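Read the structure below first, then the notes.
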Amino acid sequence: GNVSTSASPTIPPNMATTAGTPDTITIPATSLNLANADLIRTELGIPNTVTATLRPNIPGTPDNSYRWLVGEDVNAVGLVGALRDMWTPTCFSDPGKVTDSVYKCGPISSDNGGVHSNSGVPNHAFALIVDGGTYNAQTITGLGLVKASHIYYRAMAAYQVPTSDFADHADALEAACSDLIGTNLIDPTTGTYSDQYITSANCAEVAKTMLAVEMRTPPTQCNFLPMLAKTPPALCSNGRIPADALAANFESNPFPAWTATYTAVVPADFTPRNWTWSSSLPDGRTGSGVFGADPNIGTCAPGGDESGVLHLESPAFTVATNAHLAFDHYVATESSYDGGNLKISVNAAPYVNVAGADFTYNTYNMTLAAAPGNTNPLASQQAFSGADGGSNSGSWGRSLVNLGPYAVAGDSVRLRWDIGTDGCGGAIGWALDDVRAYSCVANADVIFADGFDPQN
């Protein structure tokens with residue numbers, strides 16, 4: 001836009017005037033941060049001091065869909081004309097529905113799995129809810145900006161969380177619309193009642209829009225895989241059966257036999273938290289387990305540095321020959337920066353990392369980012385980190401570990417599950433259930449812990 005002044009203004013940082021013309025400032029920007037906007041807003045309130053005009057930087061008269069361009073005056077990052085087209089996302093190689101050929105299936109390391117490009121799908125949904133139209137065999141009657149803005153705001157404020165995916169987004173929008181039926185909505189531009197009321201018929205249009213853009217359709221064309229494979233082998237083979245040295249199904253409170261502690265990089269900044277016993281396990285798993293949170297908090301700066309590690313330590317147990325470990329778990333953390341791994345202490349010696357090579361099924365999926373860019377104390381260690389392919393959440397799987405390289409018969413062993421976080425950001429966390437340390441024996445006359453199948 002153009003800002004014309006009749007007096008020399010206080011110019012926000014990074015907004016230099018054109019040389020020789022101090023009374024006219026052209027700001028080629030798609031957005032202003034709050035501090036800069038407040039500076040301009042203050043000047044606007046003084047008569048005869050500042051006037052501001054926003055204008056498109058295009059010749060001629062744009063068509064009716066022009067208002068759905070995002071950053072239409074941007075000439076940066078290799079783009080000319082706009083960053084996004086919410087009405088026809090495919091004009092900028094962004095998908096307008098999940099099955100579009102331009103839907104991005106990249107890994108988390110590539111644009112966080114396509115988070116920017118694939119925003120074309122929810123962008124298109126908003127445009128359709130506002131203006132209506134026929135798309136993908138659905139004819140939608142538009143609700144207008146006032147109704148749409150209230151539905152979206154309530155969906156974000158009341159239902160969505162940092163790990164919400166497209167299906168969750170559809171659920172949130174439909175729930176928010178239902179919540180607002182019969183409410184006299186405030187006009188966001190005037191701050192007064194609009195005398196517009198959301199109806200059940202409006203909510204039916206929201207539901208049709210979700211069908212049109214395929215918000216609940218899994219992107220099967222991407223062939224995404226879960227982090228943890230789902231078909232573990234039997235614990236023992238050749239007719240042998242497991243004899244447990246340690247067994248915990250966590251159906252009763254494991255503490256204080258198990259120990260939960262934490263280590264904080266900056267204790268004054270760290271929000272105290274530990275592994276907890278929980279009957280509300282992620283991904284709908286029944287029963288109880290233990291859970292180490294990866295909360296989406298912190299500032300990654302002094303005053304809000306959440307860097308630290310949560311430790312879950314088993315009781316000591318004595319292993320027999322050819323010791324093995326099995327545990328069921330669920331992982332959903334901030335990828336590359338937050339994550340968890342397994343450590344072992346033998347005969348009260350210091351803990352050491354259990355190497356990924358000693359997992360015989362479902363080993364670590366990555367090495368965490370290195371310091372100093374990653375302030376997680378587990379930086380550069382092998383770990384379980386991130387989530388299932390194409391998702392912000394995880395699913396349960398079983399990991400199997402050969403403890404033979406670390407302990408021999410008669411050794412006293414403790415195991416420790418560590419989940420570490422950097423200074424800010426997060427996701428869900430690491431959940432653990434059905435832990436068994438065992439050896440495979442031929443003798444069938446073995447006493448097993450309650451709740452465990454001898455073979456599985």
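On a predicted model such as this, the values are computed, not experimentally measured, just so you know. Index from 1, following the sequence.
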Identify, with sequence neighbours excluded, every residue that meets salt bridge (Lys or Arg N to Asp or Glu O under 4.0 Å) alongside [X].
X      : value
Asp433 : Arg285
Glu313 : none
Asp388 : none

Using the disulfide (SG to SG under 2.5 Å) rule, collect all pairs that involve residues 263-329, keeping only residues at least two apart or in two chains. Cys300-Cys424
Under 3.5 Å side-chain donor-acceptor pair for [X] and [Y]:
X      : Y      : result
Lys104 : Asn118 : no
Thr134 : Thr139 : yes
Ser395 : Lys230 : yes
Thr367 : Gln382 : no
Ser393 : Ser391 : yes
Tyr438 : Asn322 : no
Gln381 : Asn353 : yes
Trp68  : Asn123 : no
Thr271 : Glu306 : yes

Of Asp411, Asp358, Val413, which meets side chain to side chain contact (heavy atoms under 4.5 Å, CB included) against Tyr406? Asp358
Quick check, are the ring centers of Trp275 and Phe255 under 6.0 angstrom apart? no
For His329 and Phe384, I'd like to know if the aromatic rings sit close, meaning centre-to-centre distance below 6.0 Å. yes
Just by distance, do the side chain of [X] and the backbone of [Y] share a donor-acceptor pair under 3.5 Å?
X      : Y      : answer
Thr333 : Gly386 : yes
Ser278 : Ser280 : yes
Asn347 : Ser412 : yes
Ser164 : Val161 : yes
Ser385 : Asp338 : yes
Asp168 : Asp165 : yes
Thr363 : Gly356 : yes
Asp100 : Lys97  : yes
Ser117 : Asp94  : no
Asp294 : Ala427 : yes

Ion pair present between Asp434 and Arg436, side-chain N to carboxylate O less than 4.0 angstrom? no
With a 4.0 Å cut-off, would you call Glu174 and Arg216 a salt bridge? yes
Check whether any side-chain heavy atom of [X] lies under 4.5 Å from a side-chain heavy atom of [Y], and answer yes or no.
X      : Y      : result
Ile428 : Phe291 : yes
Arg67  : Asp131 : yes
Ile181 : Thr199 : no
Asn376 : Tyr337 : no
Trp87  : Leu128 : yes
Pro315 : Trp258 : yes
Leu325 : Leu342 : yes

Please assess Leu368 against Asn374 for the test side chain to side chain contact (heavy atoms under 4.5 Å, CB included), listing each intermediate value before the final yes or no. CA-CA 8 Å; Leu368 295 177; Asn374 184 11; 4.2 Å; yes
Value rounded to 0.5 Å, distance of [atom1] in [X] from [atom2] in [Y]:
X      : Y      : atom1 : atom2 : result
Ser439 : Leu235 : OG    : CG    : 11.5 Å
Ile198 : Asp179 : CD1   : CG    : 9.5 Å
Ile186 : Gln196 : CD1   : CD    : 11.5 Å
Tyr361 : Leu400 : OH    : CG    : 8.0 Å
Thr220 : Asn223 : OG1   : CG    : 7.5 Å
Tyr364 : Asn341 : OH    : CG    : 4.5 Å

Tyr103: what forms a ring pair (Phe, Tyr, Trp, His ring centres under 6.0 Å) with it, not counting sequence neighbours? none
Give the intermediate values and the outcome of ring-ring contact (aromatic ring centres under 6.0 Å, His included) for residues Trp417 and Phe327. CA-CA 11 Å; Trp417 285 260; Phe327 60 94; 5.6 Å; yes
For Tyr135 and His124: C-alpha separation, side-chain torsions, deciding distance, then whether ring-ring contact (aromatic ring centres under 6.0 Å, His included) applies. CA-CA 10 Å; Tyr135 180 76; His124 191 200; 4.4 Å; yes
Heavy-atom pair of closest approach, residues [X] and [Y]:
X      : Y      : result
Ala387 : Asn392 : CB-C, 3.7 Å
Ile241 : Cys236 : C-SG, 3.6 Å
Pro188 : Ser149 : CG-OG, 3.6 Å

Residue set satisfying side-chain contact (heavy atoms from CB on, under 4.5 Å) with Asn362, at least two apart, ordered chain then number -> Leu228, Ala229, Ser399
Report the C-alpha distance between Leu143 and His150 in whole Å, list the side-chain angles of each, state the deciding distance to 0.1 Å, and finish with yes or no for side chain to side chain contact (heavy atoms under 4.5 Å, CB included). CA-CA 11 Å; Leu143 276 60; His150 276 273; over 6 Å; no
Check step by step if side chain to side chain contact (heavy atoms under 4.5 Å, CB included) holds for Arg273 and Thr421. CA-CA 12 Å; Arg273 54 189 181 272; Thr421 60; 3.5 Å; yes
Between Leu281 and Ser288, does a side chain to side chain contact (heavy atoms under 4.5 Å, CB included) hold up when you go through it step by step? CA-CA 7 Å; Leu281 297 175; Ser288 297; 5.6 Å; no
Axial cation check for Tyr351 ring with Arg416, 6.0 Å and 45° limits: yes
Parallel, tilted or perpendicular, judged at 30° and 60°: which one describes the rings of Tyr330 and Trp396? tilted
